[in-house]
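The structure under discussion appears below in the form of structure tokens.
The structure displayed is predicted, hence computed values, not measured ones. Values below: every heavy atom of this structure, side chains too, minus hydrogens, waters and symmetry copies.
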Amino acid sequence: MAAELTAHQLIAQHRPTLDLALETIRTRAYWSPHPEHPKAYGENGSLDTAAGKAAFDALAGTRLDLGQPGTDGWVGGEVSPYGIELGVEYPHADLDVLLPAMKAGQKAWRDAGAELRAMVCLEILKRIADRTMEFAQAVMHTSGQAFMMAFQAGGPHAQDRGMEAVAYAYVEQSRTPEAAEWTKPQGKRDPLALTKRFTPVPRGIGLVIGCNTFPTWNGYPGLFASLATGNAVLVKPHPRAVLPLALTVQVAREVLTEAGFDANLVALAAERPGEGIAKTLATRPEIRIIDYTGSTAFGDWLEANARQAQVYTEKAGVNTVLVESTDDYQGMLANLAFSLSLYSGQMCTTPQNLLIPRDGIRTDQGDKSYDEVTADLARAVDGLLGDDARANALLGAIVNPDVKARLEAAAGLGEVALASREVTNPEFPDAVVRTPVIVKLDGAKPEDEAAYTSECFGPVSFAVAVDSADHAVELLRRSVREQGAMTVGAYTTDPEVEEAVQEACLDEAAQLSLNLTGGVYVNQTAAFSDFHGSGGNPAANAALCDGAFVANRFRVVEVRRPA
């Protein structure tokens, strides 16, 4: 098939966007080419909310045929956390047929060069952005996120993270020039002269193992980092969240074909119920890169067993907020209440442990005891979620039965400062919606330690009484070192405490937010500016996104000859 997208067209359209992304990752300023408000996507047009909902509804009961080689059957069975069956079927692959087909297109993709690869990736992202409202519905009904969050995190924020990875990939591949003339003087003899060419060479096939909660936001960095550095990419979605990544693969294959490349550079590996193909794929010799978000147990298994591959993992951690003092007590409570409630705490960045001195804290409203702080925070959460319509818009739905079970068990771990309650969703009566629980624990009691030193993923937080700020910093440091953390927060007006927290986070490589009281929350990060994870503690061995995240996805191979 003749190419429909020429290199000239792609560069003319997307090079200015790439240049802006390159400048932004240098300055770390705010920038996004993807609007994060639904009104920006038009009214009564192909981009608006109603059109996206209609496109999503039209997928129900259909077979998403991607035209992949080696399809030996069809799989499906996704059920929305909101209680509806999606009814979409996906190709099941014979890996012995699909993987060789994926490798066949890598030579032309390698030879295209870093710039053209980046342009193709940006075209894929543009077409995904054109269908943002459809993707928002797909993310909502696989992750359980409320619509607005599914739209923002699953749409523009995920697209930003993908573009960020493309920008970093381009920077790292461009460090070395394509060619060099090398001359070494030899005194009275003729100089030695060589012509040298340097080519970024892909490692092989990249495997993206998707997660249930943020299929696009967590999936796009690895997908686009590998693709932009010349690798083919096989996407293995979470069985409960196939649709958003299947649509992504569909778009990528269309763009690759139109640009004159092999569509099989990007493919989908959906699995039968209970098949568990991630382990099989992860140890195949063709798989040379793995991106994974999920449990610590499987992340550790990948790091130990996928020895042939470069493995990037984001695993579990225990996120901590130290509350020592504040000059905006109400702002602190409101900020924490939102952070604990957003998406029912089903974010890898949600705070779990709140370390509060048992003798209380200093505030702009006078001294507050430990009991007062926990009671006031409980009231703040109650106030935020007291209206069921607003509660549904913030909480979304519980993503799977394991989260619900952890939530119900948490009330038995200590004194309950805030009990979880059931919320009815009128639009989706089968959705499981629960408000957060806050449990009081004592940081000095060994019997409480098991609870707050392990991750309790979901809407569960522990108000841990500590002896002092020093005790809190000690617990924080140990927790990050041993369990890891994606985020750390602290509230303090004491410069010495601030310095101690900062030093602990620098020593243990944890991303720190200080004194957030406004519209920025500890569990949110901005692409092009904030690093998600650090790669320096047990919660993740990589950061989204830095040079290290992309540089080892390719190697530079040199060819030299006499000038």
Quick one: side chains of residues 553-562, donor-acceptor pairs under 3.5 Å with protein atoms, not counting sequence neighbours, listed by atom name and distance.
from   : atom 1 : to     : atom 2 : distance (Å)
Arg553 : NE     : Phe549 : O      : 2.7
Arg553 : NH1    : Ser226 : OG     : 2.7
Arg553 : NH1    : Asp291 : OD2    : 2.8
Arg553 : NH2    : Asp291 : OD1    : 2.8
Arg553 : NH2    : Phe549 : O      : 3.4
Arg555 : NH1    : Asn552 : OD1    : 2.5

- Message: Does either side chain, that of His92 or that of Glu275, offer a donor lying less than 3.5 Å from an acceptor on the other one?
- Response: yes
- Item | Heavy-atom side-chain contact between Gln13 and His8 under 4.5 Å | no
- Would you sort out whether Arg203 and Gln310 count as a side-chain contact (heavy atoms from CB on, under 4.5 Å), showing the intermediate values? CA-CA 9 Å; Arg203 278 188 172 270; Gln310 182 71 30; 3.9 Å; yes
- Query: Do Thr27 and Phe528 come close enough that some side-chain heavy atom pair is under 4.5 Å?
  - Reply: no
- Report yes or no: does Arg272 contribute a side-chain atom to a donor-acceptor pair with the main-chain N or O of Gly76 at less than 3.5 Å? no
- Donor-acceptor pair between Gln173 and Thr229 side chains, under 3.5 angstrom: no
- Message: Taking ring pair (Phe, Tyr, Trp, His ring centres under 6.0 Å) as the definition, give me every residue that meets it alongside Trp301, ordered by chain and number, with sequence neighbours left out.
- Response: Phe298
- Taking C-beta and beyond as the side chain, do Thr24 and Ser529 meet within less than 4.5 Å on heavy atoms? no
- Item | Heavy-atom closest contact (His37 atom, Tyr41 atom, distance) | O-CD1, 3.4 Å
- Query: Are Tyr170 and Arg117 close enough that some pair of their side-chain heavy atoms sits under 4.5 Å apart?
  - Reply: no
- Phe214/Val139 under side-chain contact (heavy atoms from CB on, under 4.5 Å): CA gap, chis, key distance, verdict: CA-CA 8 Å; Phe214 289 88; Val139 170; over 6 Å; no
- Query: Within the distance-only criterion (no hydrogens, no angle test), does the side chain of Trp109 pair as donor or acceptor with the backbone N or O of Leu227 below 3.5 angstrom?
  - Reply: yes
- Task: Please round to the nearest 0.5 Å and tell me the distance separating atom CD of Gln9 and atom CD1 of Ile11.
- Result: 11.0 Å
- Message: If I compare all heavy atoms of Ile124 with all of Val251, which pair ends up nearest, and what's the gap?
- Response: O-CG1, 3.8 Å
- Query: Do the side-chain N and O atoms of Gln145 and Thr213 include a donor-acceptor pair separated by under 3.5 angstrom?
  - Reply: no
- Note on the structure: To the nearest 0.5 Å, atom OG1 of Thr17 lies from atom CD of Glu123 at 10.5 Å
- Message: Salt bridge check, Asp402 against Arg406: does any charged N sit closer than 4.0 Å to a carboxylate O?
- Response: no
- Query: What's the shortest heavy-atom distance between Cys211 and His238, and which atoms?
  - Reply: C-CB, 3.7 Å
- Message: Ignoring hydrogens, what is the shortest heavy-atom contact between Gln137 and Gly52? Give both atom names and the distance.
- Response: CG-O, 4.2 Å
- Task: For this output row, return yes or no: ring centroids of Phe135 and Phe151 closer than 6.0 angstrom.
- Result: no
- What distance separates Ile289 CD1 from Leu207 CG, expressed to the nearest 0.5 Å? 10.0 Å
- Do Leu223 and Thr248 have side-chain heavy atoms sitting under 4.5 Å apart? yes
- Would you say the side chain of Ser143 lies within less than 4.5 Å of the side chain of Tyr343, judging by non-hydrogen atoms? yes
- Message: Within a 6.0 Å radius of atom CD on Glu85, are there more than 12 heavy atoms belonging to other residues, nucleotides or ligands?
- Response: no
- Query: Does the side-chain contact (heavy atoms from CB on, under 4.5 Å) test come out yes or no for Met347 and Met486, once each step is laid out?
  - Reply: CA-CA 10 Å; Met347 303 173 69; Met486 296 300 293; over 6 Å; no
- Item | Shortest non-hydrogen separation from Ile209 to Ala278 and the atoms involved | CD1-CB, 4.3 Å
- Message: Taking Ala193's backbone N and O only, do any of them form a donor-acceptor pair with Thr183's side chain (distance below 3.5 Å, no angle check)?
- Response: no
- Query: Got a sec: does the CD of Glu23 have more than 12 other heavy atoms crowding it under 6.0 Å?
  - Reply: yes
- Query: Between Thr62 and Glu89, does a side chain to side chain donor-acceptor pair (under 3.5 Å) hold up when you go through it step by step?
  - Reply: CA-CA 6 Å; Thr62 64; Glu89 289 189 326; over 6 Å; no
- Decide if atom NZ of Lys103 counts as having more than 12 heavy atoms of other residues, nucleotides or ligands within a radius under 6.0 Å. no
- Validation row: Leu59, Leu247 side chains within 4.5 angstrom (heavy atoms): yes
- Query: Taking only residues two or more places apart in sequence, or in another chain, which ones meet Gln346 in a side chain to side chain donor-acceptor pair (under 3.5 Å)?
  - Reply: none
- Query: Using the ring of each side chain (for Trp, its six-membered ring), is Phe56 parallel, tilted or perpendicular to His141, with breaks at 30° and 60°?
  - Reply: parallel
- Item | Nearest-0.5 Å distance that lies between atom CG in Leu98 and atom OG1 in Thr71 | 7.5 Å
- Message: Pairing donors with acceptors under 3.5 angstrom, does anything connect the side chains of Arg161 and Thr525?
- Response: yes
- Message: Could you go through Gln352 and Thr320, starting from their C-alpha distance and side-chain angles, then the distance that decides it, and tell me whether this counts as side chain to side chain donor-acceptor pair (under 3.5 Å)?
- Response: CA-CA 6 Å; Gln352 174 178 303; Thr320 300; over 6 Å; no
- Test Glu36 against His157 for side chain to side chain donor-acceptor pair (under 3.5 Å), laying out the working first. CA-CA 8 Å; Glu36 59 177 11; His157 296 171; 2.6 Å; yes
- Hey, what do you get for CD1 (Ile25) to CG (Leu20), rounding to the nearest 0.5 Å? 12.0 Å
- Message: Do Arg110 and Pro202 make a side-chain contact, defined as non-hydrogen atoms from C-beta onward lying under 4.5 Å apart?
- Response: yes
- Message: Hydrogens and angles aside, do Arg284 and Gln308 bring a side-chain donor and acceptor to less than 3.5 Å of each other?
- Response: no
- Task: Say whether Asn218 and Glu314, considering side chains only, have a donor N or O and an acceptor N or O under 3.5 Å apart.
- Result: yes
- Message: Which label fits Tyr220 and Phe224: parallel for a plane angle under 30°, tilted from 30 to 60°, or perpendicular past 60°?
- Response: perpendicular
- Message: Could you check whether Glu78 and Thr142, counting side-chain N and O atoms only, form a donor-acceptor pair closer than 3.5 Å?
- Response: no
- Taking the six-membered ring of Phe531, is the NZ or CZ of Arg28 close enough (under 6.0 Å from the centre) and on axis enough (within 45°)? yes
- Check step by step if side chain to side chain donor-acceptor pair (under 3.5 Å) holds for Thr296 and Glu455. CA-CA 10 Å; Thr296 295; Glu455 186 190 41; 5.8 Å; no
- Interatomic spacing from OG1 in Thr350 to CG in Asn523 - rounded to 0.5 Å: 5.0 Å
- Do you know which two heavy atoms are closest between Pro538 and Gly484, and how far apart they sit? CD-CA, 3.7 Å
